[in-house]
S.K.: 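Pasting a structure below so you can have a look.
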Amino acid sequence: MATSLSCSADQLASFFGPNATDATSAASLICSQLEAINNKFSDTAYAVDSTYLLFSAYLVFSMQLGFAMLCAGSVRAKNTMNIMLTNVLDAAAGGLFYYLFGFAFAFGTPSNGFIGRHNFALKSFPTSNFDYSYFLYQWAFAIAAAGITSGSIAERTQFVAYLIYSSFLTGFVYPVVSHWFWSVDGWASASNTGDLLFGSGVIDFAGSGVVHMVGGIAGLWGAYIEGPRIGRFDRSGQSVLRGHSASLVVLGTFMLWFGWYGFNPGSFTKILSAYNTGSHYGQWSAIGRTAVTTTLAGCTAALTTLFGKRILSGHWNVTDVCNGLLGGFAAITAGCSVVEPWAAIVCGFVAAVVLIACNKLAEKAKYDDPLEAAQLHGGCGAWGVIFTALLLRRNSPYGLFMGGGGKLLAAHVIQILVVAGWVSATMGPLFFILHKLKLLRISPEDEMAGMDLTRHGGFAYVYHDDDDVQSNGIQLRKIEPTATTPSSV
């Protein structure tokens, strides 16, 4: 199967007689051997790049565990099983619908600037442009967007609604957005082979707008149409419900942090590319710098949130710090590959301020998002899109503050507007229709008792709450399950 790479003196000697030399035959043999060596190097490069992309896909997929743990810790114990099951189904339903429709809508080429139209159900696949590893990587991104939305509508949403919105988001809404900004045919893509939007296109490297804004805005509409959970705000308008496990929140945060090293550095899709022949500097170095900018943005946002919330509330709150960290990651995702490390610190600092401000606004508006997903991914994602247009340095054109003019900023403002408009025009009506059909929100009785008991036949684990709590001026009886008699609750 493998081509022999051996070349011996005896082989060459067979072409030489005592009085004549068959130089052409000798050269032909040597060239064939060199060609075989070159093919081996090419095959190795493809294998290394494909392995790198697959490993990155595995990292991004591992973020689903992070989402599950973060969601579980951020809700009350009586809804733990429900929220973890929805995270599993985001991945499962998203896998089928992205295979059937999503990948084709996103990357099926040749196509128009709005939507792809080839490779449905991976027909005629792999192509000269994409292999199966690329599909797997993009699927992991699609279900990440769906996972963001599930956090916004936690603890009060019917199970069928999760299945419907997740399938629609991963099969149609998200793929269209990713086509616009990542496909070579997309009307606003920086890799468009035709006319570029404002001469540059939109540079959203790993998806602050494409992934995080899509998931966050979808969650915003779902949570807004459903309304707040029962007992979420007291008479004075203060938030009174909290997640039941800071330990799960921290575990989920670290899992997401780990997965983000596939999300951002992995978006290069290749690693074995030298920028200059014989140079030690290549794509592998750019990947390392991207990991560094990602880390610095998250760390800065975490510390800024820590001290900011301490000043505002008087507490060192681990949950707030975890959300601040993730907000920094969501913001740097757009520009992680094209900014300097010092700029990532600026990005993280402002992202924390944006998150705190969005949370204050949400509380005043009595908007209920158990995971702060709309504020974190929508708000910080939008900031990340703007940040990239301001401080981009590793690409042409430069950002506004780096001497590149305002055209890139204009393109990025358009991205924010069209993403917000598209998701609102598709997911908003979907949630509204589900609401009118009474398929969106569970009954008040089920919500009070907890969905683990009423919808899933048990509890994730035994827990004990206080016998009575006051919520909205109404005395509520809380569940106190035991390991042996859950049905007696």
Side-chain angles (χ1 to χ4, degrees), residues 70-84 86 148-159 161-162 165 215-246 248-249 309 312-313 315 317-320 322-323 327 355-379 428 431-432 434-435 438 440-455 460 463 465-479:
L70 182 67
C71 289
S74 298
V75 302
R76 289 163 291 177
K78 62 185 179 181
N79 294 311
T80 305
M81 188 181 297
N82 172 264
I83 195 65
M84 288 196 292
T86 62
I148 292 168
T149 305
S150 67
S152 295
I153 57 178
E155 295 203 276
R156 61 210 191 270
T157 305
Q158 291 191 46
F159 198 64
Y162 279 111
Y165 99 77
I217 294 172
L220 173 67
W221 280 106
Y224 174 76
I225 291 172
E226 278 192 310
R229 293 166 289 172
I230 296 174
R232 175 66 169 94
F233 301 100
D234 62 18
R235 291 185 182 276
S236 65
Q238 296 297 311
S239 173
V240 294
L241 295 184
R242 295 288 184 272
H244 81 282
S245 175
L248 290 177
V249 170
K309 295 295 288 187
L312 294 173
S313 67
H315 301 292
N317 192 310
V318 66
T319 302
D320 289 335
C322 288
N323 284 338
L355 179 59
I356 292 172
C358 286
N359 284 334
K360 283 292 183 182
L361 181 62
E363 189 171 338
K364 287 184 179 298
K366 291 189 177 181
Y367 167 78
D368 182 18
D369 186 327
L371 274 89
E372 302 177 6
Q375 303 94 297
L376 193 161
H377 297 278
F431 282 121
F432 183 76
L434 291 174
H435 172 69
K438 301 187 183 303
L440 185 58
R441 184 157 185 162
I442 60 175
S443 68
E445 294 76 18
D446 285 355
E447 186 174 345
M448 296 293 297
M451 285 187 283
D452 285 3
L453 179 64
T454 61
R455 299 301 176 98
Y463 68 95
D465 289 332
D466 296 334
D467 290 338
D468 299 288
V469 296
Q470 291 291 332
S471 178
N472 259 352
I474 303 173
Q475 189 159 340
L476 308 175
R477 183 76 179 176
K478 299 246 356 209
I479 301 173

S.K.: Identify the two heavy atoms, one from G73 and one from L248, that lie closest to each other, and give their separation to 0.1 Å.
M.R.: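 Minimum heavy-atom separation between G73 and L248: CA-CB, 3.7 Å.
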
S.K.: E372: what forms a side-chain hydrogen bond (donor to acceptor under 3.5 Å, both in side chains) with it, not counting sequence neighbours?
M.R.: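 E372 satisfies side-chain hydrogen bond (donor to acceptor under 3.5 Å, both in side chains) with N323, N359 once adjacent residues are dropped.
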
S.K.: Is any side-chain heavy atom of Y367 closer than 4.5 Å to one of P228?
M.R.: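 Side chain of P228 against side chain of Y367, heavy atoms only: no contact under 4.5 Å found.
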
S.K.: In chain order, what residues pass the side-chain hydrogen bond (donor to acceptor under 3.5 Å, both in side chains) check against T149, with sequence neighbours excluded?
M.R.: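 By the side-chain hydrogen bond (donor to acceptor under 3.5 Å, both in side chains) rule, T149 matches no residue at all.
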
S.K.: Can you name the residues that form a side-chain hydrogen bond (donor to acceptor under 3.5 Å, both in side chains) with S74, not counting sequence neighbours?
M.R.: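 So S74 forms no side-chain hydrogen bond (donor to acceptor under 3.5 Å, both in side chains) with any residue.
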
S.K.: Sub-3.5 Å donor-acceptor pair from the side chain of Q158 to the main-chain atoms of R441, do we have one?
M.R.: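 Between the backbone of R441 and the side chain of Q158 there is a qualifying donor-acceptor contact (under 3.5 Å).
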
S.K.: At what distance, to the nearest 0.5 angstrom, does SG of C322 lie from CG of L376?
M.R.: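 Here the rounded value is 11.0 Å.
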
S.K.: Decide yes or no for S152 and H377: does some side-chain heavy atom of the first lie under 4.5 Å from some side-chain heavy atom of the second?
M.R.: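 No. Closest side-chain heavy atoms not under 4.5 Å.
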
S.K.: Counting only N and O atoms by type, is there a donor-acceptor contact under 3.5 Å from the side chain of D452 to the main-chain atoms of M81?
M.R.: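 Confirmed, D452 side chain pairs with M81 backbone.
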
S.K.: Provide the closest heavy-atom pair for A72 versus M84 in the form atom of the first, atom of the second, distance.
M.R.: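 Smallest interatomic distance, heavy atoms only, reads CB-CG, 4.0 Å.
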
S.K.: Between I153 and G219, what is the shortest heavy-atom contact and its length?
M.R.: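 That would be CG2-O, 4.4 Å.
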
S.K.: What is the minimum heavy-atom distance between E447 and I230, and which atoms define it?
M.R.: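 Result for this residue pair: OE2-N, 2.8 Å.
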
S.K.: Among all residues two or more places apart in sequence or in another chain, which pass the salt bridge (charged side-chain N to carboxylate O under 4.0 Å, His left out) test with E155?
M.R.: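 If we apply the salt bridge (charged side-chain N to carboxylate O under 4.0 Å, His left out) test to E155, skipping adjacent residues, the hits are R76, R229.
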
S.K.: Any donor-acceptor pair under 3.5 Å linking the side chain of D446 with the backbone of M451?
M.R.: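 No, the answer is negative, given that no donor and acceptor are paired below the 3.5 Å cut-off.
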
S.K.: Salt bridge (charged side-chain N to carboxylate O under 4.0 Å, His left out) with R242: which residues, sequence neighbours excluded?
M.R.: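 R242: no salt bridge (charged side-chain N to carboxylate O under 4.0 Å, His left out) contacts found.
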
S.K.: Using the side-chain hydrogen bond (donor to acceptor under 3.5 Å, both in side chains) criterion, which residues pair with E226? Sequence neighbours excluded.
M.R.: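 E226 satisfies side-chain hydrogen bond (donor to acceptor under 3.5 Å, both in side chains) with T157 once adjacent residues are dropped.
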
